[in-house]
Chemist: 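Dropping a structure here in structure tokens format, bear with me for questions.
Bear in mind that the values here come from a model prediction, so they are computed numbers and not experimental data. Order of the sequence lines sets the chain letters (A, B, ...), proteins ahead of strands, with each chain counted from 1.
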Amino acid sequence: MIYSVDTILSLVLLSILFSLGSSRLTVLFKVIAFQGVVVSIVPLIIGGREFGWGDITFTLATMTVRGIVIPFCIYFAIKKATIETKFRPIVGYNASMMGGLIFIVMAAVVGGKLHLPAVSEGKLLFPAAVTLLVAGMFLLMARRNAIAMVLGYIMMENGIYLVGTTFSVQARHIVEFGILLDILAGVMIMAVILQNIKQAFDDMDTARLRTLKE
Amino acid sequence: MVVEMVFLAPFLTGLIAFFLPRTLGRPLLPLTGVFHLMLSVMLWVKRPSPLFPGYFEVTPEGLLSLIVISLLFFLVSIYAMGYLRESTIRSENIFNGSMLLFLSTMTMVTLSDHIMVMWIAIEATTLSSAPLIFTYRSKASLEATWKYVLVCSVGIAMALLGSVLITIAMDIGKVNVPVSFSALTLNARQLDPLWLKAAFVFILVGYGTKMGLCPMHTWLPDAHSEAPSPASALLSGVLLNCAYLGIFKTNKIMVAAGLGDFSGTILMVFGLMSIIAAATFILKQTEYKRMLAYSSIENMGIIAFGTGIGGPGVYGALLCLIHHSLIKSSLFLTSGNILLGYGTRLIESTGSLARRMPKTFVAFFGGFAAISGFPPFGIFIGELFIILGAFKSGHYSAAGIFIFSMCVVFAGFAKQVMIISFDDKSSRDKILEKQDMIWPQYTLLLTSVFLCFWMPDTLYRTIVEAVTSIGGGF
């Protein structure tokens with residue numbers, strides 16, 4: 001049986017592949033915003049849970065922060081000209097995409113064998129969450145562009161959020177909100193640092209940040 | 001009195017400090033320091049219940065960390081007054097505000113009981129201390145800040161994942177209690193062991209990044225050397241303890257669940273790796289602040305190793321934790337004097353410290369002797385207990401590596417300290433030393449000596465309480 005959640009999550013999986021294979025940062029921004037919106041909604045629409053006004057408000061707030069505020073925060077911190085430049089990766093785009101595809105298949109196989117109590121529906125929940133997490137980490141390591149690294153971090157956080165809200169029934173809004181606030185503040189500080197890197201080095205290539213290396 | 005007041009007070013003054021000019025903002029640091037110290041002592045004596053139980057709790061290990069943070073911040077803030085006067089820092093209000101927010105978030109770590117609140121607090125320490133590292137606005141400090149924020153945020157994200165895995169372990173074990181360390185420790189046996197193990201590994205990697213355990217330590221030497229000395233003292237002296245607290249509390253759950261051997265072994269491996277890494281890098285250091293940073297990595301390794309060993313090792317680890325904070329912060333403050341006096345961080349450009357800055361030299365050399373584990377300083381007793389614990393539990397080869405690495409660290413450290421202190425350079429002029437930038441270091445070192453000879457009964461009992469909670473003791 002196909003659930004509606006799986007339809008959206010398959011789009012998320014596609015978007016991950018897209019972000020791994022793209023050389024343009026603008027694409028990455030759009031993908032991050034899309035994923036931010038989806039991971040905020042998914043907990044609300046997976047069935048069997050009653051939700052009240054509190055949940056809806058919380059979902060809307062999360063969606064605004066993850067889907068709009070966080071990506072735009074980085075976007076506006078850097079001048080547009082910098083964003084539109086293509087960047088040289090450490091691992092090639094085709095190889096990244098291929099690796100991503102293999103990973104999704106593996107995650108789906110492993111996910112089928114784990115019997116998580118909270119995941120009774122939505123076969124793609126586990127693969128999507130884990131792939132988001134790992135693809136984010138991959139972007140952090142395999143891209144030399146500082147902006148791409150920050151976006152990788154955000155993708156990773158989105159993955160963790162999906163794991164946390166869908167696999168476990170323990171989530172409390174007040175605590176979740178604290179976490180969201182921390183991540184938002186973290187991204188803002190990263191945006192300020194990106195701005196300073198741009199000013200000081202006139203480039204976003206992290207290969208230039210090597211003076212302290214031993 | 002409510003528990004939450006202890007971290008809310010510096011939070012408020014921190015926010016105010018952002019908007020105050022330097023003449024008003026500067027004295028706010030020691031004033032808040034005194035107030036915070038008073039609150040912490042009251043908390044220690046009265047042990048009140050929190051306003052939000054389940055989220056916050058007064059625990060013995062938390063109290064130990066809190067009192068160290070409070071004492072250290074007070075002394076560092078007095079030093080900072082002098083330091084700010086002598087050095088040129090642009091936008092001092094950001095420095096003052098961040099210092100106070102940093103104090104607030106670290107206090108929150110020591111008092112938090114809810115797993116996610118702990119995470120929020122530890123991530124908040126990263127965010128509030130990032131501006132401190134960027135104080136000098138140089139390219140190197142920018143790079144250090146970038147590394148610090150990115151590596152620590154990603155690392156701590158791992159800890160968040162670990163915390164989420166704990167909730168999954170609760171779901172599978174059908175445990176329906178608040179997601180707090182204290183409640184989970186009581187119900188640890190019902191948690192699903194497999195998921196709990198996975199959670200511990202992620203939490204150890206996450207908070208271990210922040211604690212500076214090898215191989216996640218890459219940010220630490222950069223951040224500690226680029227930050228202004230009062231901030232370095234706090235980063236090294238107490239921030240690392242806060243991250244350790246997260247690991248300690250998770251380990252408490254592991255021990256209660258009967259998985260103490262599993263967690264202990266991992267802690268020992270990470271601990272030994274850190275000590276070996278520090279020993280390797282300390283030998284070729286050219287900057288004295290980086291050398292101190294590597295010594296912090298070594299000491300965090302020692303503490304993780306001692307915690308993993310169990311038995312008397314845990315007692316030794318907690319002693320090392322307290323004394324490392326006192327001694328290392330004193331050393332970092334002293335390094336601030338050297339930096340202001342010589343105007344360089346390079347070891348080869350210093351020299352004749354004993355002649356040119358005699359008072360600073362006493363603090364520096366005393367700190368060196370203390371951190372190397374010489375009696376009568378506390379690290380000596382701590383390390384002795386850890387080695388005893390290792391022998392008692394039959395980890396002879398681990399103890400061998402431990403002792404050998406410490407000898408290497410001592411050799412590397414001693415070589416550099418000799419150059420700084422006695423190397424004869426052309427200039428022999430005295431450098432002016434301010435009183436208020438000397439006695440905080442002396443106080444810290446004397447406290448360490450004092451605690452070695454006479455430990456207050458309440459302190460001893462609190463340490464033993466914390467030690468027995470993770471299955472340690474004699």
Chemist: Please classify the contact of B/A124 with chain A as side chain, backbone, both or neither, using a heavy-atom distance under 4.5 Å.
Modeler: both
Chemist: Hey, could you give me the CD/CG distance between A/Q195 and B/L142, rounded to the nearest 0.5 Å?
Modeler: 11.5 Å
Chemist: With only heavy atoms counted, which part of A/L140 is less than 4.5 Å from chain B, the side chain, the backbone, both or neither?
Modeler: side chain
Chemist: Could you give the distance from CD (B/E143) to CD1 (A/I197), rounded to the nearest 0.5 Å?
Modeler: 9.0 Å
Chemist: Show, in sequence, the C-alpha distance, side-chain angles and deciding distance for B/E123 and A/L181, and conclude whether the side chain to side chain contact (heavy atoms under 4.5 Å, CB included) test is met.
Modeler: CA-CA 10 Å; B/E123 171 72 3; A/L181 213 64; over 6 Å; no
Chemist: Flag the pair A/N196 / B/R137 as yes when at least one side-chain heavy-atom distance between them is below 4.5 Å, and no otherwise.
Modeler: no
Chemist: So for A/I189, is it side chain, backbone, both, or neither that comes closer than 4.5 Å to the heavy atoms of chain B?
Modeler: side chain
Chemist: What part of A/M137 is in contact with chain B, defined as an atom under 4.5 angstrom from a non-hydrogen atom: side chain, backbone, both or neither?
Modeler: side chain
Chemist: Does A/F138, at its CZ atom, have more than 12 non-hydrogen atoms belonging to other residues, nucleotides or ligands within less than 6.0 Å?
Modeler: yes
Chemist: Under 4.5 Å, counting heavy-atom pairs only, tell me which of B/S163, B/A157, B/S153 racks up the most with chain A.
Modeler: B/S153
Chemist: So which heavy atom on A/A146 is nearest to which on B/W146, and how close?
Modeler: O-CH2, 3.5 Å
Chemist: Let's test your reading of the structure: which of B/T126, B/L150, B/V117 forms the most heavy-atom pairs below 4.5 Å with chain A?
Modeler: B/L150
Chemist: Give a yes or no on this: more than 12 heavy atoms of other residues, nucleotides or ligands lie within 6.0 Å of atom CZ of A/F103.
Modeler: yes
Chemist: Roughly how far apart are A/M156 CE and B/L161 CG, rounded to 0.5 Å?
Modeler: 8.0 Å
Chemist: List the steps and the verdict of side chain to side chain contact (heavy atoms under 4.5 Å, CB included) for B/I120 and A/F177.
Modeler: CA-CA 10 Å; B/I120 293 170; A/F177 212 77; over 6 Å; no
Chemist: Does a sphere of radius 6.0 Å around CZ in A/F34 hold more than 12 heavy atoms from other residues, nucleotides or ligands, not counting ones at 6.0 Å or beyond?
Modeler: yes
Chemist: Within this structure, what is the CG-CG distance for the pair B/L160 and A/D182, rounded to the nearest 0.5 Å?
Modeler: 9.5 Å
Chemist: Side chains of B/F134 and A/V192: does their closest heavy-atom pair fall under 4.5 Å?
Modeler: no
Chemist: If contact means a heavy atom pair closer than 4.5 Å, which residues of residues 59-72 of chain A contact chain B?
Modeler: none
Chemist: Would B/L127 and A/M188 count as a side chain to side chain contact (heavy atoms under 4.5 Å, CB included) if you check the C-alpha gap in whole Å, the side-chain angles of each, and the deciding distance to 0.1 Å?
Modeler: CA-CA 10 Å; B/L127 303 177; A/M188 280 175 168; over 6 Å; no
